[in-house]
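A quick write-up on the structure given underneath.
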Amino acid sequence: MSLKNISLKQKLRQALEKAAQDYQPLPSFEIERAKIRAHGELATNLAMILARQQSVGENKKNPQTIAQDIISKLNDQNLDWMESISVAGGGFLNFVIKPSAWQEELKTILESGEDFGKSDEGQGKSINIEFVSANPTGPIHIGNARGGPLGDALASLLKTIGYDVTKEYYVNDVGGQIDRLGESILYWIDEKDNPEAPGPAKDSNCYQGEYVKELAQIALRELGEKISDMVSEVEPSSDPSTGSGCPASLIKVLGKFGIKTLLKQIKDDCDLMGITFDSWVNEKEILGSGKTEAILKALIEKNVTKKHEGALWLADASNELLNDRECVLEKSDGRPTYFANDIAYHVEKYKKGYDRLINVWGSNHHGHVPRVKAAVQSLGYDPEKIETVLYQYVRVKRGNDAVKMSKRGGNFVLAREVLDEVGRDAFRFFLLMRAPESHLDFDLELAKSQSQENPVYYVQYAHARLCSIMKKAAQQFKEQGIELKDHEIPDLKSLNLPEELEMIRVLLEYPEEILRAAKKLEPHRISFYILEVAKMFQSYYSKAKTDDRYRVLSGSIDSVKAKLYFCRSIQHTLASGLKLLGITAPTEMHHEES
RNA sequence: GCGCCCGUAGCUCAGUGGAUUAGAGCAUUGGUCUUCGAAACCAAGGGUCGCAGGUUCGAAUCCUGCCGGGCGCACCA
């Protein structure tokens, strides 16, 4: 990194490290924006951390004393960008930086362009991130849809900090659930002349919900003759196991058809959410390729299994991850469980050489996490490579009534319904506004009736306003015959209003925010960040009504150019943050009549 | 019963890398459009950070125990 590109915070850090070099070993310390401007612009807890570290013996050192010592050493360095240093509170060192230094650093935003916010933290290491992976036995509902924007935004964040990211969807297209889906469709085929039928019995294994009825209609349309042929072959008690007097082969056909159709719908829903995957892995292929079988064999050889009541169990008392929670790998009928396939699937990912494996799962899968880790550990893979982001399901309300979601119960809200109602941008932003582990309330009435209040509009409005100013500026310059070059960097010394300097500080924090959000796997930090930027700008903008110094397009030509440059920097940062979250940054917004 | 997550303003939630005076949006109340977009701005009220202990100079943040809510604990996936 060239010296020129070192940020003010980095310069301050270096200066502090030099000033505190007598206190070894130097602990890690933080430099952040002071919460209250009156204290200063930047602050560090260095003195307080040192005081604690130095107090191990009898000589208790006062943070204030250490702070004073550091100040005098900093003063010896004659830092030309430092305005003033003070001590406050329990020993905080507060700094005020010269405006010229901030103005200079502002230039890094537009000079970096598309690279602003990027870093090489990831060093090109590879990450596989698996998300959505909704079972193709039903459409994506608002509950598991949360994993979509979450995984997608995480992938973008990790790319931004220099990882090579593969986005993957694992399709659970194996198992008894497919027959159940087939049976469920069959019910509605049998009742095709009776649309008011009550639906399959609640205590049956059938999937509830309107979508099954729709599937039956599609099936009748697309493979009508085939079905009627098969139905005509039915004999009353041909297959007692299904309890419906229908041949197992018809159920299989319908189940397969249902999975195929639903998977297509899921892909469409992902498109609507603005999500694309680099890789689709089918459980069926894992199973069919013999990989599961090989895994089971390997586990048996490792002596971490046992036979019990005809089934094969993973049982490794020495493995703390498993925590004595034994689980079935192969059922007594000889078929592997999804767990066995899942182990094979994860082993495949290890074999592909990924450096990190991230699973974005609904919180109901939390019990599954240690078991998969235990199994791969038994097979000699590093379980630490697997990281799991567990998100709480979205709680859907209709007014005051909570709606319990269940793919089987049928009483759920489709992701598509919400998407159609509020649009992709609001949909994504809303789901990305909360920490993954936080419960998220989605009141449909509220979302539908008051979607205008969604914060996403606030951010987009700020962005559109900035674009509008720039458009107007271009027009104004043209009329005045002034040429405005794209890459011209104006003199920024007129940018010295407190709000301007404060906003420069915030804008320059963007790369750190990205780094932290990516490291902690918490995209919602970016939502809050761009909201803060938008808010600061809206406030700044509004001041122009009563104070001409805040007007962008008035004053001297140099001042106008500087303010425009400032506005472009804000617009650039907002657009970048929105793009990271997969949300559009419109250049203009249109009023909807209410 | 065991495990994971959550409990912060009336509501929905940030903050949980200990640290300067605990924040935001919505809602409520009161102001602000002849001027770069009022989908906006400004101001006010509103909090024993679930409870109780502990560690610390300092705890919403760390530890322990309880209480309340959600979710798991299948030869389903």
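What's counted below: heavy atoms across the whole structure, side chains too, no hydrogens, waters or symmetry copies. Everything numeric in this text was worked out from a predicted model, so none of it was measured. Quick note on labels: first sequence line is chain A, next is B, and so on, each numbered from 1.
Under the 3.5 Å distance criterion, with hydrogens and angles disregarded, no donor-acceptor pair is assigned to the side chains of Gln538(A) and Tyr458(A).
Rounded to whole Å, the distance from CD1 on Ile36(A) to P on G15(B) is 19 Å. When rounded to the nearest whole Å, the span between CD of Gln177(A) and C1' of A77(B) equals 5 Å.
The residue Ala34(A) sits close to a base: some heavy atom pair falls under 4.0 Å. Contacts of Lys545(A) with the nucleic acid, taken as non-hydrogen atoms under 4.0 Å apart, include base atoms. Using a 4.0 Å heavy-atom distance criterion, Tyr461(A) is classed as a base contact. Within the 4.0 angstrom heavy-atom criterion, only backbone atoms of the sugar-phosphate kind lie near Leu440(A); the bases stay farther away. Across all strands shown, Asn94(A) has heavy atoms under 4.0 Å from base atoms, whether or not it also approaches the sugar-phosphate. Within the 4.0 angstrom heavy-atom criterion, only backbone atoms of the sugar-phosphate kind lie near Ser438(A); the bases stay farther away.
Taking only side-chain nitrogens and oxygens, Tyr338(A) never comes nearer than 4.0 Å to OP1 or OP2 of C75(B).
The partner of C49(B) cannot be assigned: no Watson-Crick or G-U wobble pair with both contacts below 3.5 Å exists in any strand. The partner of C33(B) is absent, by the rule that a Watson-Crick or G-U pair needs both atom distances under 3.5 Å.
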